[in-house]
Protein chains: 2
Amino acid sequence: MKKLLTISTQDYLKHIYELTEHNAPASTNTLAARLKVRPASVTGMIQKLANEKPALVEYQKHQGVTLTKEGRRAALEVIRHHRLLETWLVQTLGYSWDEVHEEAERLEHVISEDFEQRVAEALGHPLRDPHGELIPTANLEMPLEDATPLSTLRKNQRGTIVSVRDADADLLRYLERLGLIPNTHIEAIDYSPFDHNLTIKVGEQTRVLGLSVTNKILIKED
Amino acid sequence: MKKLLTISTQDYLKHIYELTEHNAPASTNTLAARLKVRPASVTGMIQKLANEKPALVEYQKHQGVTLTKEGRRAALEVIRHHRLLETWLVQTLGYSWDEVHEEAERLEHVISEDFEQRVAEALGHPLRDPHGELIPTANLEMPLEDATPLSTLRKNQRGTIVSVRDADADLLRYLERLGLIPNTHIEAIDYSPFDHNLTIKVGEQTRVLGLSVTNKILIKED
DNA sequence: AACTTTATTTAGCCTTACCTAAATCAATTT
DNA sequence: AAATTGATTTAGGTAAGGCTAAATAAAGTT
């Protein structure tokens, strides 16, 4: 007897999850920007979510918002849907890496538990989606991230790209052109401590990447 | 620059299409029953749909409602989505014949044109869904039905099941148990003009079917 | 033709989730 | 400590799409 949440509520929870993932409560304004809604609307919605029983968010006026246990589970459910869907759309309908997001964004709210299970099964219970993001488990826990930002790689170290985080479609297309997609093997050939630029070798190519990019790419050293 | 319709509107149009398929305008009450909504709500919604520009339905107080050209196209779009989705879910996720309906019912409203095309492509542009229902074409026309009701089959005639129309999940499960699913070959071995019962042979089995069943099964003679 | 039953419509309300404008709080400067 | 600025909240509205109850229209009976 799980409570049914509106699409809008699911979206709020998902975005709150993402904004609070690295500690720190989410502010009304950033949430409003993410949701493409006015700050006043966010305040209203948050107040409702905080007064549900059980409460989905923890909220003190002017102090930002965090998820409760219930809220977190609901958020992880949506995120699991999203990431499974992206994986599935890429694998079975030939969507490209950067096209799937929008489609999954709409589907994630309407698929059944049964559908979720069938897709997970069909995909062999994948750990990561096509961007390399971790997929929450069936019992709604987020696996630990065992990859590290590319920005921590230093001269002569090698690694394999695992994930590209928080990237918009433009950046994804850019990275795809550079061949910087999950499973690609790379080697750091230079690092500048001044501007934090990292020079890497990707296959035959040499690329120089700034911090804003190297921070978004996760790798596993090898 | 197609107009975006709400899920609710899409549902109204779809059900109006189905109720008016064999001539005759749809009445407020039957529509309300189908949509699981009160008659008063139907009146309200229909009035809105009739006043859209362009109008989606034709409506005269107390005379029932029919679709306009625009309304019909919108309805066929939803029905195309539904039937493609059912076909796809059965083929790629192993849904059974009688389980797909609900899932497709929710997905049909949120998939993109791109998704529709990819699925149609992946399936090889099928003509019928798993129930045998005709799938509207990409340019939103309903193909002509070239199959006939099983109730017209007479002693010693043979045919192949093409479709099971308007059946609820219970009937579908029942027919599945009897082996009466699309592509099954059958032969009429007796017909009673009094009660319209038809005795047929399905593989090794002999079955006696009443009119309420034989009218819902479409076949092609051979 | 009058009455009864059933179908349909009108009127008035509710909820959800958004909006704008105005008010208040918090943080930073001066 | 006061003032300014920016973030947040309150107050009051709007549009969808439901609902109930009451009013009206149509259809069927006597």
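Per chain, numbering begins at 1; letters A, B, ... match sequence-line order.
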(request) Let me know the distance between CD of B:Gln60 and P of D:dA26, rounded to the nearest Å. (result) 12 Å
(message) By the 4.0 Å heavy-atom rule, please label A:Thr43 as base, sugar-phosphate, or nothing.
(response) base
(request) Nearest whole angstrom, please: distance from the P of C:dC14 to the CZ of B:Arg38. (result) 18 Å
(request) Look at the side-chain N and O atoms of A:Ser8 and state whether any lies under 4.0 Å from the OP1 or OP2 oxygen of C:dC18. (result) yes
(request) Please determine which of A:Lys220, A:Arg165, A:Arg128 meets the salt bridge (Lys or Arg N to Asp or Glu O under 4.0 Å) test together with A:Glu145. (result) A:Arg128
(request) Measure from CD1 on B:Ile46 to P on C:dT9 and round the result to the nearest Å. (result) 7 Å
(message) Looking at B:Arg83 and B:Glu108, is any side-chain nitrogen of the basic one under 4.0 Å from a carboxylate oxygen of the acidic one?
(response) no
(message) Can you tell me if A:Thr28 touches the phosphate of D:dT9, counting only side-chain N or O atoms and a distance under 4.0 Å to OP1 or OP2?
(response) yes
(request) Rounded to the nearest angstrom, tell me the gap between atom CG in B:Leu49 and atom P in D:dA16. (result) 11 Å
(message) Quick check on D:dT10: is either OP1 or OP2 less than 4.0 Å from any side-chain nitrogen or oxygen of A:Lys61?
(response) yes
(request) Using a cut-off of strictly less than 4.0 Å, decide whether B:Tyr59 has a side-chain nitrogen or oxygen near OP1 or OP2 of C:dT9. (result) yes
(request) Among D:dC19, C:dA21, C:dA26, find the nucleotide with the atom closest to the side chain of B:Val37. (result) D:dC19
(request) Provide, to the nearest angstrom, the distance between the CD atom belonging to B:Glu52 and the C1' atom belonging to D:dA16. (result) 12 Å
(message) On the nucleotide D:dC19, are OP1 or OP2 found under 4.0 Å from the side-chain N or O atoms that B:Ser41 carries?
(response) yes
(message) Closest approach to the side chain of B:Gln47, judged atom by atom: which nucleotide of D:dC19, C:dC19, C:dT10 is it?
(response) C:dT10
(request) Could you work out which one of D:dA16, C:dA17, D:dA7 sits closest to the side chain of B:Lys48? (result) D:dA16
(request) Identify the residue among A:Leu180, A:Ile219, A:Thr214, A:Ile217 that makes a side chain to side chain contact (heavy atoms under 4.5 Å, CB included) with A:Ile200. (result) A:Leu180
(message) With nearest nucleotide decided by heavy atoms, which residue, A:Ile7 or B:Gly44, maps closer to the 5′ end of DNA chain C?
(response) B:Gly44
(message) Assess whether a salt bridge exists between B:Lys3 and B:Glu52, defined as any Lys/Arg side-chain N lying under 4.0 Å from an Asp/Glu carboxylate O.
(response) yes
(request) State which of D:dA16, D:dT8, C:dT20 makes the closest approach to the side chain of A:Ser27. (result) D:dT8
(message) Can you tell whether the side chains of B:Glu99 and A:Arg118 come within less than 4.0 Å, N to carboxylate O?
(response) yes
(request) Could you state the atom-to-atom distance from NE2 of B:His109 to P of D:dG17 in whole Å? (result) 12 Å
(request) For the side chain of B:Thr9, starting at C-beta, report the closest nucleotide among C:dT9, D:dG17, C:dC18. (result) D:dG17
(request) Round to the nearest Å and state the distance from A:Met45 atom CE to D:dT10 atom C1'. (result) 18 Å
(request) Grab the CG-C1' distance between A:Asp11 and C:dA17 for me, whole Å please. (result) 12 Å
(request) Considering just the side-chain nitrogens and oxygens of B:Asn29, establish if one lies under 4.0 Å of OP1 or OP2 belonging to C:dT8. (result) yes
(request) Please tell me which of the listed nucleotides, C:dC18, D:dA16, C:dT20, lies nearest to the side chain of B:Thr6? (result) D:dA16
(request) Decide whether a cation-pi geometry holds between B:Arg72 and B:Tyr17; the criteria are a distance under 6.0 Å from NZ or CZ to the six-membered ring centre and an angle within 45° of the ring axis. (result) no
